[in-house]
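As the structure is a prediction and not an experimental result, all values here were calculated from the model.
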Amino acid sequence: MRLEILRELGSGATGVVYLAHDRFTGATVALKRLRPDVAFPEQEVRIAQKITHRNVRRVNDFHIEDGVSQISMGHVEGQNLRALVG
């Protein structure tokens, strides 16, 4: 397994986000594991790739492991979105 999950960061409508360590690159990443009921995981990735904002990290990788669709992206320390808008 390339990504080692360190801890859960949060969850939302389409999945759960974890802090993970990429054993290949040595980077710390945010790993979003999509819920099984997400009908079009590839569409979720395409949407995420189109978002450009200084506070949003780009998608690094999309893969399916053990039947679970996963999106990895750069991780930034700080408050989560729910804390900022809630």
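Here the straight-line distance linking atom CG of L6 with atom NE2 of H21 works out to 8.0 Å at 0.5 Å rounding. For the atom pair H75 NE2 and T28 OG1, the distance stands at 8.0 Å (nearest 0.5 Å). To the nearest 0.5 angstrom, R33 atom CZ is 12.5 Å from I71 atom CD1. A distance of 9.5 Å separates CD of E42 from CG of L34, quoted to the nearest 0.5 Å.
Under the 4.5 Å side-chain contact rule for hydrophobic residues, M73 and Y18 do not share a cluster. Hydrophobic clustering (ILVMFWY, side-chain heavy atoms < 4.5 Å, transitive): V59 and V38 are in one cluster. I47 and F62 are not part of a single hydrophobic cluster, where members link through side-chain heavy atoms under 4.5 Å apart.
The two residues R2 and T25 come nearest to each other via the heavy atoms NH2-CG2, 3.7 Å. Across every non-hydrogen atom of L3 and S72, the tightest pair is CD1-CB, 4.3 Å. The minimum heavy-atom distance linking I64 with S69 is given by the pair CG1-OG, 3.9 Å.
Looking at heavy atoms from C-beta onward, R35 lies in side-chain contact with V16 at the 4.5 angstrom threshold. Contact check for L9 versus K32: no side-chain heavy atoms found under the 4.5 Å cut-off.
The neighbour count for D37 CG, taken as heavy atoms of other residues, nucleotides or ligands under 6.0 Å away, is above 12. Remark: R46 CZ is loosely packed, at most 12 non-hydrogen atoms of other residues, nucleotides or ligands lying under 6.0 Å away.
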